[in-house]
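Each ligand, and each atom within it, is numbered from 1 in the order the structure gives.
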Amino acid sequence: MTDGEAWGALLALGRQPGAAAIRSRLDADPGRAATFTHQAAGLTLDLSRTALTPAVLDALLALARARGVAAFRDSMAAGQAVNGTEARAALHMALRGPEGAFRAGSEDASAAVHGTLAAMAGFVRAVHEGEILGARGDRFTDVVNIGIGGSDLGPAMVTRALWQTGMPMRAHYLANVDAHAWEALRPTLDPARTLVLVASKTFTTQETMANAGLVKAWLAASLGEEGARGHLAALSTNLPATAAFGIAPDRVFGFRDWVGGRFSLWSAVGLSIALACGMGAFQGLLAGARAMDEHFLAAPEDANLPLLLAATEVWHVNALGYPARAVLPYDERLARFAAHLQQLEMESLGKRVTVQGAPVAHATGPVVFGEPGTNAQHSFLQLIHQGTTPVPVDFVLVARPDHGHAASHRILLANALAQAEALARGRTEAEARAEMQRAGLPPHEIDRLAPHRTFPGDRPSVSILLPALTPESLGALVALYEHKVACLGAFWGINPFDQWGVELGKQLAGGILPALAGDAPASDAATAAMVAAIRRLQG
Ligand SMILES: O=P(O)(O)OC[C@H]1O[C@](O)(CO)[C@@H](O)[C@@H]1O
C-alpha cells in the first residue's frame, strides 16, 4: 500500500457513520477490554475506551508501514542522524542501554554514557557519605538544579514522583528567570549546605545563566569566590562554557549533542534525581526505561505499546479531528507529569513542515495539558464531558500506593475508573430523565433539565496502569511516551527532535532588552507602546 492509499483508507474509516462510537462498541463486545489491552515493561495499556476497531487498527498499522515507522525507529536506534535539521542522532536509548549497545556514527555512544554514569555514581556516593563537603565542612543537605525546559521538567517531575522523607537530600528546581522564584527559594536554603547544579545542554540559555549568576553570587557572598566554586557543578554538553563560568572540570558531568533536551533526564541532567533519591533510584529509572526500549525495538507491531499509543493519536487527530489531549495521572506524586509531557510532545510534534520542508498536509501534534486527578475533575473535566469538541484523555493509574490509607486510594481509583466510564458511555437523555423521575422531580423540571443532564458519551480515553509508582515503572512510563513521540514523527513525516519554533522569541527578547532599559527604541510598534507603558509605570 502506498502512503497516499494508506492515508486515504484511514481517513475513509474516520468518515464512516458511527466511526467515533465507543459506547455501542463496548456494549456489543464484552471481550473488547481484553482485545484492546496490552502489557509491556510492567505497564498495562487499555485502549478499549476508544473507537478503535480491528479494521481501524489494521488501517493504522498499514499506514505505519507505509510511513516507515519501524524503519525510523531502527534508524534512531542505529544512531543515524534522524534529527536532520540539526544533523544529529537521537540516542536517548543509549543513556539507559547496556554497554556496547549503541553507536553514534564512529562514536561508541554507550561507552560515553557509562563513563558519565560511573562519574555520577562516584560523585553521588562521595556527597552522600560526606567525602565531598561544603566550604565550611558541612554535609550537603540540599541540591538546587538550575535549568529550564528539558533541563528542568524531567528531573523535577521524577524527583516529585519518587522522593520520600528520609531520602538522602532535598532537591529544588529553579527554572523561571522571574527572580520571584529565586527569592521564594532562597530563604529556605543554607548556602553552607547547598549544592548547586547548573543544568543546561547549551550552557547559553538566558534564563539559566541569569539564575546561575544570582545563585553563584549568593553562594560567594557567604562562602567567598573559592568556597562557592566547591558548591557548583554543571550538567552540559558545552565544556568550554562551563569552565568560563568557573566550574571545576571534575564537577562537570557531560553528555553529547545526540541527547535532546526533552529526552535528557536519563543523562547527567538527572544528577539531581540521583542526589535526592539515591543512585539506586536513578539506576531503577534507567532499567525501567530500558525494559520499554527493548519492548519497543522487538515487539510485533500489533502488540507494541508505543506504536499503538501513537497510532491511537493518529486516529484521534487525523481521522476524527480531535485537536487536544488531556493527561490525568491519578497520583499526586505525578503532579508534574503533564508538564513534562507538554514539552516532550508539543516541542517535538508542534511542526508545520515535513522533514523535507514542505507544508504538512494534515494536522500534527495536538495541544497537551493536564492535572492530577481528582483535582482535574473539579476544574476542566466539565468541558471534556459536555463541551463541543471531544478531548481524548490519558488516565494513569497506580494500583498500589505507598501510604497506608487504603480507603483514600479506593476513592481515588474509583474516581479514575468512573471518569473513563462516564466519558465513554455518557448518559442518554432517556437515562437522565429516568434518573430525575426516580428522584421525584416534577415533569416540567425534568423537561427543563434533561438537555443539561445528558452526556453525549463516545469520548475516548486510554488508561495506563502501573503496579506501583517505582523508579522502574516511572522509567517505563516516560520511555513509552518518548517512543510514542518518535513514532508520531514518522507517521506525520516531521522531525520530532528539533525545536526551531522557540528561537524567534529568544532572538527578539535580546533586541527588546535595551528598549526596556531605555537605551534603544523597540522596532515593533505594539512592543514599543507596551515598553513605554512599562517604563512609565516603573517611574
Ligand atoms: O538545556 P538548555 O540548553 O539550557 O535548553 C533548555 C531548553 O531550551 C530549549 O532549547 C527550548 O528553548 C529546550 O529544547 C531545552 O530543553
How far is [atom] from its nearest protein heavy atom, and which residue and atom name does that atom have?
atom                    : result
atom 16 (O) of ligand 1 : Gly150 N, 2.7 Å
atom 3 (O) of ligand 1  : Thr202 OG1, 2.6 Å
atom 13 (C) of ligand 1 : Glu347 OE1, 3.4 Å
atom 5 (O) of ligand 1  : Thr205 OG1, 3.5 Å

For this session: Would you check whether Ser151 has a nitrogen or oxygen atom less than 3.5 angstrom from a nitrogen or oxygen atom of ligand 1?
Result: yes
For this session: Using distance alone, decide if ligand 1 has a nitrogen or oxygen within less than 3.5 Å of any nitrogen or oxygen in Lys201.
Result: yes
Exercise. Do the charged groups of Glu345 and Arg262 touch, with an N to O distance under 4.0 Å?
Worked result: no
Exercise. Are Glu129 and Arg139 close enough for a salt bridge, meaning some N to O gap below 4.0 Å?
Worked result: no
Proximal atoms of ligand 1 relative to [X] (non-hydrogen, under 4.0 Å):
X      : answer
Ser200 : 1 (O), 2 (P), 3 (O), 4 (O)
Val502 : 11 (C), 12 (O)
Ile148 : 6 (C), 7 (C)
Lys506 : 10 (O), 12 (O)

Exercise. Can a donor-acceptor pair be found between the side chains of Thr205 and Thr202 at a distance below 3.5 Å?
Worked result: yes
For this session: Take the angle between the ring planes of Phe263 and His92 and call it parallel below 30°, perpendicular above 60°, tilted in between.
Result: parallel
For this session: Fit a plane to each ring of Phe140 and His231, take the angle between them on a 0 to 90° scale, and name the class: parallel (under 30°), tilted (30 to 60°) or perpendicular (over 60°).
Result: perpendicular
For this session: Let me see the working for Thr470 and Ser473 under side chain to side chain donor-acceptor pair (under 3.5 Å), right down to the final yes or no.
Result: CA-CA 5 Å; Thr470 61; Ser473 67; 3.2 Å; yes
Exercise. With backbone taken as N, CA, C and O and side chain as the heavy atoms from C-beta onward, which portion of Gln499 lies under 4.0 Å from ligand 1: side chain, backbone, both, or neither?
Worked result: side chain
For this session: Take Gln499 and Glu503 through the test side-chain contact (heavy atoms from CB on, under 4.5 Å) and record every step on the way to the result.
Result: CA-CA 8 Å; Gln499 58 284 318; Glu503 293 303 324; 5.5 Å; no
For this session: For Glu207 and ligand 1, answer yes if some heavy atom of the residue is under 4.0 Å from a ligand atom, otherwise no.
Result: no
Problem set entry | Smallest separation among heavy atoms of Leu185 and Val144, with atom names | CD2-CG1, 4.1 Å
